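Step one of this worksheet: look at the structure below.
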Amino acid sequence: MRRVLVAVSGSVAALKLPELVAAIIGLGQVEVIVVTTEHAKHFYDFKDVPATIYCDSDEWEMWKQRSDPVLHIDLRKWADLMVIAPLDANTLGKVASGICDNLLTCVVRAWDRRKPLLFCPAMNTAMWEHPITATQIQILKSFGYIEVPCIVKKLVCGDEGYGAMAEISTIIEKIQECLEQSPRRVPEPTLKSPKN
């Protein structure tokens, strides 16, 4: 059984989270856990996602005293692979700068870089074309993270151009490729379920 951690940030492409998780599970012999930002919650319904979902409040509710688990560390140990889909402009900037002010960015900051981390940018075309975006993408790649490039599409806002998240089929192909290339690790203990 392989373990995939799906991280979802606050782009409208988060609408595709249920489809993405179902497709990953459809690979067979894959367990999925989701980490969500608060803004991403606006775009999907928890009940439509066939996986355990952790959010910022879970990190604080699980830790009461010294011997309690630290969720972002347990998640990085648990996963064989992490995919951030979508990676919005705000979270891209945070990760590139080393900011870790929510559960998602804390997991990334603690990530074991011997394991694959895929990121799927998604933002408005004007944001994508801003010069800082290319710089931040290069920073993530310099960490060894793997870009699943955005595509040209008519965006929800009505603009047309680069910035749409890669197709689910493209993301799944890359996940499968990375899982096949990465060694199996000794299973970590099962995580405590959040109260959703």
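Only a predicted model underlies this, so the values are computations on that prediction, with no experimental measurement involved.
- Judged by distance alone, the side chain of R76 and the main-chain N or O of A110 form a donor-acceptor pair under 3.5 Å.
- You'll find the side chain of V95 reaches within 4.5 Å of the side chain of L140, heavy atoms only.
- Distance check: S11 OG to M123 CE gives 8.0 Å after rounding to the nearest 0.5 Å.
- For the pair V6 and V35, the minimum side-chain heavy-atom distance is 4.5 Å or more.
- Rounding to the nearest 0.5 angstrom, the gap separating the CD1 atom in I137 from the CH2 atom in W128 is 4.0 Å.
- A side-chain donor-acceptor contact under 3.5 Å links S97 to the backbone of G93.
- Put simply, the side chain of I146 reaches to within 4.5 Å of the side chain of K174, judged on heavy atoms.
- Within the 3.5 Å criterion, the main-chain N or O of L71 finds a donor-acceptor partner in the side chain of E59.
- Aromatic ring orientation, F143 versus Y145: perpendicular (interplanar angle above 60°, classes split at 30° and 60°).
- Side chain of T105 to main chain of N102: a donor-acceptor pair is present (N/O by atom type, distance under 3.5 Å, no hydrogens or angles).
- Around the CZ atom of F43, the shell of radius 6.0 Å holds more than 12 heavy atoms that belong to other residues, nucleotides or ligands.
- Within the 3.5 Å criterion, the main-chain N or O of P18 finds no donor-acceptor partner in the side chain of D48.
- With salt bridges taken as basic N to acidic carboxylate O contacts below 4.0 Å, none links E19 and K16.
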*Evaluate the criterion side-chain contact (heavy atoms from CB on, under 4.5 Å) for residue pair L75 and I73; output intermediate values, then yes/no.*
CA-CA 5 Å; L75 288 168; I73 299 300; over 6 Å; no
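- Taking both residues in full, the closest heavy atoms of A79 and K115 are given as O-NZ, 2.5 Å, listed atom of the first, atom of the second, then distance.
- The two residues S9 and T37 have their closest heavy-atom pair at CA-OG1, 3.5 Å.
- No side-chain donor-acceptor contact under 3.5 Å links T52 to the backbone of I33.
- When all heavy atoms of I151 and E167 are compared, the closest pair comes out as CD1-OE2, 3.6 Å.
- The two residues T36 and D56 make their nearest non-hydrogen contact at O-OD1, 4.3 Å.
- One finds a salt bridge joining D101 and K94 here, because a Lys/Arg side-chain nitrogen approaches an Asp/Glu carboxylate oxygen to under 4.0 Å.
- To the nearest 0.5 Å, the span separating CG on N90 from CE on M127 amounts to 8.0 Å.
- Contact detail for M1 and V30: the closest heavy-atom pair is SD-N, 3.4 Å.
- Among all heavy-atom pairs drawn from C106 and H72, the shortest one is CB-CG, 3.7 Å.
- Under 3.5 Å, the side chains of S182 and R2 contain a donor-acceptor pair of N or O atoms.
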